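Residue numbers begin at 1 in each chain, while the letters A, B, ... track the order of the sequences. Note that the structure is a prediction, hence the values are computed from the model and not measured.
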Amino acid sequence: METNNPNIEPPKEIERSPSGLTILWREIVRDKLALISLIFFVATTAGVFIASLLLDLNEIVKVDLFALYERPSSEFWLGTDYGGRDIFGQLIIGTRNSLAIGLLVTLMSGTIGILIGLISGYFGGTIDNIFMRFVDFFMILPTLMIVIVFVTAVPDYSIYSFSFIMTAFLWMGIARLIRSKALQERELEYVQASKTLGSSDFKIMFTQVLPNLSSIIIVTMTLNLAANIGIESGLSFLGFGFPEDTPSLGTLISYARNPQTLELRWWIWLPASILILVLMLSINNVGQALKRATDARQRRG
Amino acid sequence: MALLEVKDLKVHFPIRGGIFNTVVDQVKAVDGVNFSIEPGQTYGLVGESGSGKTTTGRAVIGLNKITSGDVLFEGHNLAKGGRKSHLNVRKDIQMIFQDPYSSLNPKKRVADIVAEPLRNFEKLTKKEERVRVEELMELVGLSTEAIFKYPHEFSGGQRQRIGIARAIALKPKLIIADEPVSALDVSVQAQVLNFMQEIQKELGLTYLFISHDLGIVRHICDHIGIMYKGRYVEQGASEDIFTNPQHIYTKRLVSAIPDLDPNRRESLTVKRQQAKKDFDELSDKFFDEEGLPYPLKPISDSHLVALPEKG
């Protein structure tokens, strides 16, 4: 037998195999575009949230008749709109609002979707049938119409109520995805084994099955985030988003519906348009990298 | 008294069809099975794919719903009530699964996998739990440092040992081993089987051993039941089945066991062909109109065979 040579024992760190999160992170680092996108997104998010704390919203949205349609200058970095309001300030606060809605909607719809998907997929049978008919009902509703009706009917809505109403119609996709994955997982023997070991169904669902779905959840939530920011901006652009005293990226872009603004006053709508394009692209880049990481055959790293 | 007694066990799965998704037919996976296992013994359940042997084992442990019949474990009827009933009795029955690759959760460390039954049934502190897990790892011959690794870092045989460690964590009385070695390669099979026999002696375990490999069953089982299409064709002590098979199906199975001795190759081939001929010619007589075996009839104290009525 070997003598007790301490050098033979390999260091423990090397033996560790990469966990799911490490694989996701490694894929992002390997994909330079995704890494740059991630840095940009995090920097923008942190930037607008911190900057909006320093800015005074009331000051920004106050109408100033002596400064209508000012060009970008040292006083107004990105000029002013038809009410003499500073575009740069609106851009910062608008980005914060749009991001906040996107994040809130993604988190809330994700939570509801995961819960319903996991329950119906894990139990299957009648429970699955009931939940899925419920999901079907929500999917056939004309979402956009109902959101527009809500926005017109409720006179004074906030970021939160707007997020809630969007969440109510956006949780079905992730619920169906999680359900299909849970249906697969529950047939695996480790679930059966947990049952024979006396674990309760809920314990198996949340501590055994859910961790195995973590990477797919991260990927879907990331890609949903981009989509949700887009939906908010789209509604605001159509005029069913926030009122003008609550700027968002969509409201800034909607000024371009005025042909004169579109043609002659680029500073009002162009920065917001570029920002939303770049933001969504970068979230998408990160999401695609994460998506690749979940499939070993597509991985780059 | 027998540790486990299974009486007229039936497990039927409904086939749904039609517009209203009504039950149109039943798959009779297990159709009237009787057997009993004495403490400390190994009972082998043998049969071809789809014969219902795994379903029987899973019904005993509560993974499949029992349509009718009784499962008496130390006098408690486990067939009454759902999976949640008799929880304290059920912890004395554990299972070793067929596929060591999917029976361990890939996202859990070995320490958590082995500790799962302990966390469900025993209130241990973190420290006590750690000690118990390390004891179990030593018992199954794995190093105690391995408890912080993930299952995929182990080989098939090692994973099956982890599965065994998990199954014996609660010191059960009965272990249902559902083809525990069929996913392993042959050199590892012997290792795991010998190890299972060692811990059987050490811990006084009783095995319900489900397998289609007659060589293995002959090696480790005291009593054997042969299943065909959800019913028993023959049941008896290991000796009875292998030296004195009575049913044509059993004869054919036994003649199919490979032998390494090249000198006997010729005679075995003749035997196999004879068994096949018998099976083809006599299957009308040995099976009823639906092709199912007849009810069992005793031909000696320990030996029961599904012989036709006229004998």
Revision key, fill the gap. Whatever's closer than 4.5 Å to a heavy atom in chain B on A/Ser214 counts as side chain
Review point. If you draw a 6.0 Å radius around NZ in B/Lys127, do more than 12 non-hydrogen atoms from other residues or ligands fall strictly inside?
Key: no
Side-chain atoms of residues 167-178 of chain A: list all donor-acceptor pairs with protein atoms under 3.5 Å, sequence neighbours left out, distances to 0.1 Å.
residue	atom	partner	partner atom	Å
A/Thr167	OG1	A/Ser163	O	2.7
A/Trp171	NE1	A/Ala168	O	3.0

Check your understanding: Do A/Gln192 and B/Arg58 have side-chain heavy atoms sitting under 4.5 Å apart?
Key -> yes
Review point. Looking at B/Glu116 and A/Ser194, what are the two nearest heavy atoms and their distance?
Key: OE2-OG, 2.9 Å
Point to revise | N/O donor-acceptor pair under 3.5 Å between A/Glu189 side chain and B/Asp99 backbone | key: yes
Practice item. Take atom CZ of A/Phe138 as the centre, draw a 6.0 Å sphere, and report whether it contains more than 12 heavy atoms from other residues, nucleotides or ligands. Key: yes
Practice item. Can you establish whether the number of heavy atoms outside A/Tyr160 located under 6.0 Å from its atom OH is more than 12? Key: no
Point to revise | Enclosure of A/Phe164 CZ (heavy-atom neighbours >12, cutoff 6.0 Å) | key: no
**Study point:** Donor-acceptor under 3.5 Å (B/Asn105 side chain, A/Tyr190 main chain)
**Key:** no
Point to revise | B/Asn120 to A/Leu197 - nearest heavy-atom pair and separation | key: ND2-O, 3.2 Å
Review point. Heavy-atom count around A/Lys203 NZ within 6.0 Å, excluding the residue itself: above 12?
Key: yes
Check your understanding: Which bit of B/Arg166 comes within less than 4.5 Å of chain A, counting heavy atoms only: side chain, backbone, both or neither?
Key -> both
Check your understanding: Heavy-atom distance under 4.5 Å to chain A: side chain of B/Lys108, backbone, both or neither?
Key -> side chain
**Study point:** Non-hydrogen atoms of B/Ser103 and A/Ala193 that approach each other most closely
**Key:** O-CB, 4.0 Å
